[in-house]
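This report refers to the structure that appears directly beneath it.
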Amino acid sequence: MQVDLDSPWSIGPVGIPSRIVLAPMAGVSVQAFRRQGRRYGAGLVCSEMVSCAGLRHRNERTLGYLRIGSDERPLAVQIFGSDPAVMAEAARMVEDAGADIVDINFGCPVGKVTKTGAGATLLEDPERAARIVEAVAEAVEAPVTVKMRRGLANGSRAALVLGPRLVEAGAAALTLHPRSAKQMYTGTADHALTAELVELVDVPVIASGDVTSRERALAVLEETGAAAVMVGRAAQGDPWTVGEIAGLVHGKPSREDVVAELLLFMHDTVEEMGEERATGFLKKFYGWYLGRGRFPKPFKQELVQLATLAEVEERLLAAAPGAAEHLERLRADTPALEHRTLDLPVSIYAGG
Ligand SMILES: Cc1cc2nc3c(=O)[nH]c(=O)nc-3n(C[C@H](O)[C@H](O)[C@H](O)COP(=O)(O)O)c2cc1C
C-alpha cells in the first residue's frame, strides 16, 4: 500500500518525520548538506561512508566524519569495512558520537573499497556479511541498517538472497539501490527488484535510485511498497528538488534563492572543515548550484578559477545582489552550527 511522503514512520525506536531520506554520498554528504536536506523536508539524513579501519586508528580525517549537530537528527552514520570485530568497534564510536542509526555499506562499487573485501563485495559473501551485521547489532543499542546494491554482476539478484539473512542477523531496515556494482551509475535503477525485496522482509525498505521528482517518488513508493525513498544526485546543489519532493517547494528557485543557499552552504562548510580544505571541496558545488540553466555556463568556470572564497562570494553577490538580504533571512531561520557532540579535530574530506 502506498504511503504519503509526509507521513511519519520509524526504524526501530527512531521516529522519522517524512518518507524522504537524503542519500549518503562520499565527498558530498557533509554536515552543511545534511542540515540543508533536513530544512527542505528530508526526514532522515546520512553521513557519507566512514572507514571502520580509519576510526580504529583514530585517523584525523576519518574522525572528522563523526561531527554531528543535534539539528541534523535523526541521522545515520554509515560505516564500511570487512572485519566484524572492527566494524563493531566502529559502530560503538558512531553511537557515542550521537548517531541515531548505524548504517552499514554493502554497496560501494569502487575498487579501493571492494579490494579490501568491503562494500559491494559483501553482497556475494553472505556468511561474512551476516557476521558483520550480527557483530554490529550486538555492539550498539541504536538500530542497525544496511545499504546494498543488487549484486556485483549485471542482472544479479544477490540482494534478494542476502536481504532476509541480514534481517535475521539484526538489520532493522534495508536500503536497496538496484543497480549492479558493475553498472556503477549507468542504466536505470530496477525497482522491480526493490518490490521483490519488500515482499521478502518484514522490516522497512528504502528505495534508492533515480528519484528526481515528487512524481517519481510517489511512483516508486507505489511500485515497490517501500517505506521511503532516498534522494541522492538530484539533491546535489539542489535542495529545491528535495523540497519539491516533500511538497514544500513549488516552482524554480530565483537567482537570489540559489546564491543565498550556496553562500550559506559555503559558510557552514568553512566552519566544518576549515577554509583551506573548503576552498577545494566547494568547487564541484558551484557547477551543481549554478547549472540547470540558472546562470550562464562561463560564470561557473570563472568561480572555479578564483583563489579565495571571499572572491567567490563577491562575484556571487555581484551576480545576484538581492541574495545578501535573502541570506540574512535564511540565517535568522537557521540555528547556528551547533557545538559538536565529540571534541574532534577539523575534518579533512577525502572526496569521492
Ligand atoms: C558522488 C556519490 C557518492 C556516493 N557515496 C556513497 C556512499 O558513501 N555510501 C553509499 O551507500 N552510497 C553512496 N552513493 C550512492 C547513493 O547513496 C545512491 O544510492 C545512488 O547515487 C543512487 O541514487 P540517486 O539516483 O538518487 O543518485 C554515492 C553516490 C554518488 C553519486
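Any value given below was found using the heavy atoms of this structure, including those in side chains, with hydrogens, waters and symmetry copies removed.
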For the atom pair [atom1] ([X]) and [atom2] ([Y]), what is the distance rounded to the nearest 0.5 Å?
| X | Y | atom1 | atom2 | answer |
| --- | --- | --- | --- | --- |
| Leu193 | Arg157 | CG | CZ | 6.0 Å |
| Thr62 | Leu55 | OG1 | CG | 6.0 Å |
| Asp333 | Glu328 | CG | CD | 12.0 Å |
| Leu317 | Glu256 | CG | CD | 10.0 Å |
| Lys147 | Cys108 | NZ | SG | 9.0 Å |
| Arg131 | Asp83 | CZ | CG | 8.5 Å |

What are the two closest non-hydrogen atoms of [X] and [Y], and how far apart are they?
| X | Y | result |
| --- | --- | --- |
| Glu272 | Ala32 | OE1-N, 3.3 Å |
| His177 | Gly209 | CD2-CA, 3.9 Å |
| Ser208 | His191 | O-CE1, 3.3 Å |
| Leu221 | Ala226 | CD2-O, 3.4 Å |
| Ala320 | Val259 | CB-CG2, 3.8 Å |
| Arg150 | Gly155 | NH2-O, 3.4 Å |

Could you check whether any side-chain N or O of [X] sits under 3.5 Å from a backbone N or O of [Y], counting only pairs where one atom can act as donor and the other as acceptor?
| X | Y | result |
| --- | --- | --- |
| Lys284 | Gly27 | yes |
| Asp96 | Met93 | no |
| Glu134 | Gly170 | no |
| Arg149 | Met184 | yes |
| Arg128 | Ser82 | yes |
| Arg19 | Ala228 | no |

Would [X] count as a cation-pi partner of [Y], with NZ or CZ less than 6.0 Å from the six-membered ring centre and within 45° of the ring normal?
| X | Y | value |
| --- | --- | --- |
| Lys283 | Phe281 | no |
| Arg255 | Phe295 | yes |
| Arg39 | Phe265 | no |

- Task: Please test Thr308 against Glu311 for side-chain hydrogen bond (donor to acceptor under 3.5 Å, both in side chains), starting from the C-alpha separation and ending with a verdict.
- Result: CA-CA 5 Å; Thr308 66; Glu311 290 168 277; 2.8 Å; yes
Flag for [Y]-[X]: side-chain donor and acceptor within less than 3.5 Å:
| X | Y | answer |
| --- | --- | --- |
| Ser18 | Asp6 | no |
| Thr145 | Asp103 | yes |
| Arg34 | Ser29 | no |
| His267 | Glu313 | yes |
| Glu72 | Gln31 | yes |
| Ser7 | Asp4 | no |

- Could you give me the CA-CA distance, side-chain angles and deciding distance for Arg35 and Asp268, then say whether salt bridge (Lys or Arg N to Asp or Glu O under 4.0 Å) is met? CA-CA 10 Å; Arg35 300 172 88 227; Asp268 280 359; 3.0 Å; yes
Are [X] and [Y] side-chain neighbours, meaning at least one heavy-atom pair lies under 4.5 Å?
| X | Y | answer |
| --- | --- | --- |
| Arg294 | Asp238 | yes |
| Met266 | Val270 | no |
| Pro17 | Arg38 | yes |
| Asp190 | Arg179 | no |
| Ile245 | Val242 | no |
| Tyr286 | Val312 | yes |
| Val229 | Leu5 | yes |
| Arg329 | Glu325 | yes |

- Message: For Glu89 and Arg56: C-alpha separation, side-chain torsions, deciding distance, then whether side chain to side chain contact (heavy atoms under 4.5 Å, CB included) applies.
- Response: CA-CA 7 Å; Glu89 189 187 330; Arg56 171 174 238 196; 3.2 Å; yes
- Task: Decide side-chain hydrogen bond (donor to acceptor under 3.5 Å, both in side chains) for Asn154 and Ser180; before the verdict, give the C-alpha distance in whole Å, the side-chain angles of both, and the deciding distance to 0.1 Å.
- Result: CA-CA 5 Å; Asn154 291 349; Ser180 70; 2.5 Å; yes
- Message: Starting from Trp9 and following side-chain heavy-atom contacts under 4.5 Å between hydrophobic residues (I, L, V, M, F, W, Y), which residues can be reached?
- Response: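 Ile11, Val14, Ile16, Val21, Leu44, Ile101, Ile206, Met230, which link up through side-chain heavy atoms under 4.5 Å apart, make up the rest of the cluster.
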Do the side chains of [X] and [Y] join up, straight or via other hydrophobic residues, at under 4.5 Å, putting them in one cluster?
| X | Y | value |
| --- | --- | --- |
| Met49 | Ile104 | no |
| Val86 | Phe106 | no |
| Phe299 | Leu282 | yes |
| Val146 | Leu152 | no |
| Phe80 | Leu123 | no |

- Message: In terms of relative ring orientation, are Phe285 and Trp288 parallel, tilted or perpendicular, with 30° and 60° separating the classes?
- Response: perpendicular
- Query: How are the rings of Tyr40 and Trp240 set to each other: parallel, tilted or perpendicular (split at 30° and 60°)?
  - Reply: perpendicular
- Query: Does CD in Gln305 sit with more than 12 non-hydrogen atoms of other residues, nucleotides or ligands closer than 6.0 Å?
  - Reply: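 More than 12 within 6.0 Å, yes.
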- Message: Under the criterion side-chain hydrogen bond (donor to acceptor under 3.5 Å, both in side chains), I'd like the reasoning laid out for Glu261 against Gln36: C-alpha separation, chi angles, the key distance, then a yes or no.
- Response: CA-CA 9 Å; Glu261 277 296 347; Gln36 183 186 65; 3.2 Å; yes
- Task: Go through the steps to decide whether Gln236 and Tyr289 satisfy the test side chain to side chain contact (heavy atoms under 4.5 Å, CB included), and finish with yes or no.
- Result: CA-CA 8 Å; Gln236 293 172 338; Tyr289 274 91; over 6 Å; no
- Are Glu127 and Arg165 within salt-bridge range, i.e. N to O under 4.0 Å?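 A salt bridge is present here (some side-chain N lies under 4.0 Å from a carboxylate O).
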- Start with the C-alpha distance between Asp210 and Arg233, add both sets of side-chain angles, then the distance that settles salt bridge (Lys or Arg N to Asp or Glu O under 4.0 Å), and finish with yes or no. CA-CA 8 Å; Asp210 305 341; Arg233 289 165 295 169; 3.2 Å; yes
- Message: Exactly one of Leu197, Leu160, Asn105, Thr175 should register a side chain to side chain contact (heavy atoms under 4.5 Å, CB included) with Met148. Which one does?
- Response: Leu197
- Item | Worked check of side chain to side chain contact (heavy atoms under 4.5 Å, CB included) between Leu290 and Leu316 | CA-CA 10 Å; Leu290 306 175; Leu316 284 168; 4.2 Å; yes
